[in-house]
Number of protein chains: 2
Amino acid sequence: MKLALCDDHQLFRKGLRQLIEDFTTPSEILWEAENGRDALYYIRKGMVPEILLLDAQMPIMDGEQTANILKSEFPEIKVLVLSMLDEEARILYLLRQGVRGFISKDIRPQELEEGLLIVEKGGYYFSDAATAHMLETIQSNKNVNEKEMLSDKETQFLVLSCSELTYKEIAEQMQLSFKTIDHYRIALFGKFKVKSRVGLVIYALKHGLVHL
Amino acid sequence: MKLALCDDHQLFRKGLRQLIEDFTTPSEILWEAENGRDALYYIRKGMVPEILLLDAQMPIMDGEQTANILKSEFPEIKVLVLSMLDEEARILYLLRQGVRGFISKDIRPQELEEGLLIVEKGGYYFSDAATAHMLETIQSNKNVNEKEMLSDKETQFLVLSCSELTYKEIAEQMQLSFKTIDHYRIALFGKFKVKSRVGLVIYALKHGLVHL
DNA sequence: TAAAAAAAGGGGATATTTCCTCATAAAACA
DNA sequence: TGTTTTATGAGGAAATATCCCCTTTTTTTA
């Protein structure tokens, strides 16, 4: 099994490598990268793994961007996302980018091997019950979750809301009137079931929609 | 060198173990624990390491609580904190608990060995320039940093501010009038140089003063 | 093409936040 | 003891956030 690791924490890569070396399945790690940019560099040079273990949160180029580019350029690479958070909206986005599953960084060794084998065979693997359940929900009822998705403007508004800017200033940045961005506010309050801007900020950070 | 690892992520422990086994200095890992409670269990059973590599953020019992208990019960154990964040106020707290230094989880292998050797000899090690600089500041000008510290009420107010409660509701929870907690707000705005409650929340989360 | 939906914008009301100044009681201190 | 500092609280005002109801323009879709 030809693998590649993309994670910004060296210790995690080290731990993963150790785990993988202990597999009964013979496996090879082609390369390790600290971010998506470096990973793409290796891949474009022809070092194409069967499965890429991709961290969601990285500096320079994060998992989402990387998965997005891989989807169009190298759709044959099976991407397994390493995620510490329960990033609902992000998971949805990554699924659209065709990733083959998620594993929590707290995964047990056997689970990792099992997951990799499943993905190698063309399957999907979700290390944690909550994520698996979410997938079912998504697949069974697309519309509900489509509504949970954020438009570009809503996302932009959300990011700017997680700063000290007032709504008036956010409106200026977005080149829209205060009255218009207020619709985004109401929409997000409804989607996230929060009652105030502070609640919105907390929700966004807790679910990994916005990084600190 | 007798070591022990306390970190909730198995992969990190695995990576650390690997790193430590590669040391030129012969080292032994007495045990690994997933949280402070388990670590204390081992220690109280007599498995006392020279140096404890302690993660700051863990479930059940975090690094701060653990360091606090170790300070009084086992002051001879040298604690080296594993930290991914630049948690200014928390670093201050941990220093008060007598920890011997901090290493970022992005540390390079040689640095870890170097740090452990220094700590073994009774020294202090700070893996990152910013942290080292902060220590100087703390030591050179205690008063400035004492003022940066938060009182119990300020801390309580800060935690409650990182929720959807209004100030009026926070005042009720704290059994104080709105006008009184407003003083805490002003104090925190000044200390953290923020301009709004959202700014306060962001600051608190970014610096690890409040957990999500 | 016509109807429906979504995006953009507005008026205006109320609640909350933010920022002043000031007063009083408790605690610390010299 | 008297003085100073700190914690507590108040009045009031301006800015911001939140929530109604409404119209116009653009985009989607039937």
Side-chain angles (χ1 to χ4, degrees), chain A residues 89 92 96 141-206 209-210, chain B residues 89 141-206 209-210:
Chain A
L92 276 173
R96 289 224 173 66
N141 193 345
K142 217 176 214 174
N143 293 333
V144 175
N145 289 91
E146 288 298 330
K147 278 177 191 160
E148 294 290 315
M149 286 301 296
L150 307 185
S151 68
D152 288 349
K153 290 251 174 70
E154 282 173 347
T155 303
Q156 191 186 355
F157 172 80
L158 181 60
V159 171
L160 292 171
S161 291
C162 293
S163 75
E164 290 201 295
L165 297 173
T166 66
Y167 287 143
K168 196 200 283 184
E169 290 166 331
I170 291 173
E172 284 167 18
Q173 285 240 345
M174 291 178 71
Q175 310 246 51
L176 292 169
S177 83
F178 172 81
K179 289 297 182 177
T180 299
I181 64 158
D182 200 40
H183 291 305
Y184 302 138
R185 181 186 62 76
I186 290 167
L188 292 177
F189 276 29
K191 285 180 183 180
F192 300 158
K193 306 204 201 316
V194 297
K195 289 194 280 285
S196 67
R197 179 163 168 186
V198 169
L200 187 66
V201 170
I202 302 275
Y203 184 96
L205 293 172
K206 187 178 277 179
L209 273 49
V210 176
Chain B
N141 195 343
K142 216 177 215 172
N143 292 334
V144 174
N145 289 91
E146 287 299 331
K147 278 177 192 162
E148 295 290 315
M149 288 301 296
L150 307 185
S151 69
D152 287 350
K153 290 250 175 69
E154 281 173 347
T155 303
Q156 191 186 354
F157 172 81
L158 181 59
V159 171
L160 293 171
S161 292
C162 294
S163 75
E164 290 201 295
L165 296 173
T166 66
Y167 287 142
K168 196 199 283 184
E169 291 166 331
I170 291 173
E172 284 167 18
Q173 285 242 344
M174 291 178 70
Q175 310 245 49
L176 292 169
S177 84
F178 171 80
K179 289 297 181 177
T180 299
I181 64 159
D182 199 40
H183 291 300
Y184 302 137
R185 181 186 61 77
I186 290 166
L188 292 177
F189 275 30
K191 285 179 183 181
F192 299 158
K193 304 201 202 317
V194 297
K195 290 193 280 285
S196 67
R197 180 166 169 186
V198 169
L200 187 67
V201 170
I202 301 275
Y203 184 97
L205 293 172
K206 188 179 278 181
L209 273 50
V210 176

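Predicted, not measured: the structure shown is a model, and the values here were computed from it. Below, all heavy atoms of this structure are taken into account, side chains as well, without hydrogens, waters or symmetry copies. Lettering of chains follows the sequences in order, A, B, ..., and the numbering in each one begins at 1.
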When the distance from [atom1] of [X] to [atom2] of [N] is rounded to whole Å, what number comes out?
| X | N | atom1 | atom2 | value |
| --- | --- | --- | --- | --- |
| A/Leu176 | D/dT24 | CG | P | 20 Å |
| B/Glu164 | D/dA17 | CD | C1' | 14 Å |
| A/Gln175 | C/dA7 | CD | P | 19 Å |
| A/Asp182 | C/dA13 | CG | C1' | 13 Å |
| A/Lys195 | C/dA15 | NZ | C1' | 15 Å |
| A/Lys168 | D/dA14 | NZ | P | 15 Å |
| B/Phe192 | C/dT18 | CZ | P | 15 Å |
| A/Asp152 | C/dA6 | CG | P | 16 Å |

Got a second to check how far A/Leu188's CG is from A/Arg197's CZ, nearest 0.5 Å?
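If I round to the nearest 0.5 Å, the distance is 11.5 Å.
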Quick check for you: to the nearest 0.5 Å, what is the distance between B/Glu164 atom CD and A/Leu200 atom CG?
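It is 9.0 Å, given to the nearest 0.5 Å.
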What class does the angle between the rings of B/Phe157 and B/Tyr167 fall in, given that below 30° is parallel, 30 to 60° is tilted and above 60° is perpendicular?
parallel
Which part of the nucleic acid, if any, lies within contact of [X], taking any heavy atom under 4.0 Å across all strands shown: a base, the sugar-phosphate backbone alone, or nothing?
| X | result |
| --- | --- |
| B/Ile186 | nothing |
| B/Thr180 | base |
| A/Phe189 | sugar-phosphate |

So, B/Phe189 versus B/Tyr203, ring centres under 6.0 angstrom or not?
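So the answer is no for these two rings.
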Comparing A/Tyr167 and A/His183 on DNA chain D - which has the more 5′ nearest nucleotide
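On the 5' side of the pair lies A/Tyr167.
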Please tell me if A/Ser177 has a side-chain N or O lying less than 4.0 Å from either OP1 or OP2 of C/dG10.
yes
Should A/Arg197 be listed as having a side-chain N or O under 4.0 Å from OP1 or OP2 of D/dT16?
no
May I ask you to decide whether B/Asp182 forms a salt bridge with B/Lys179, counting only side-chain N to carboxylate O separations under 4.0 Å?
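The answer is no: the pair does not qualify as a salt bridge.
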Residue A/Lys179, side-chain atoms from C-beta onward, closest of C/dG10, D/dT18, D/dG9
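The listed nucleotide nearest to A/Lys179's side chain is C/dG10.
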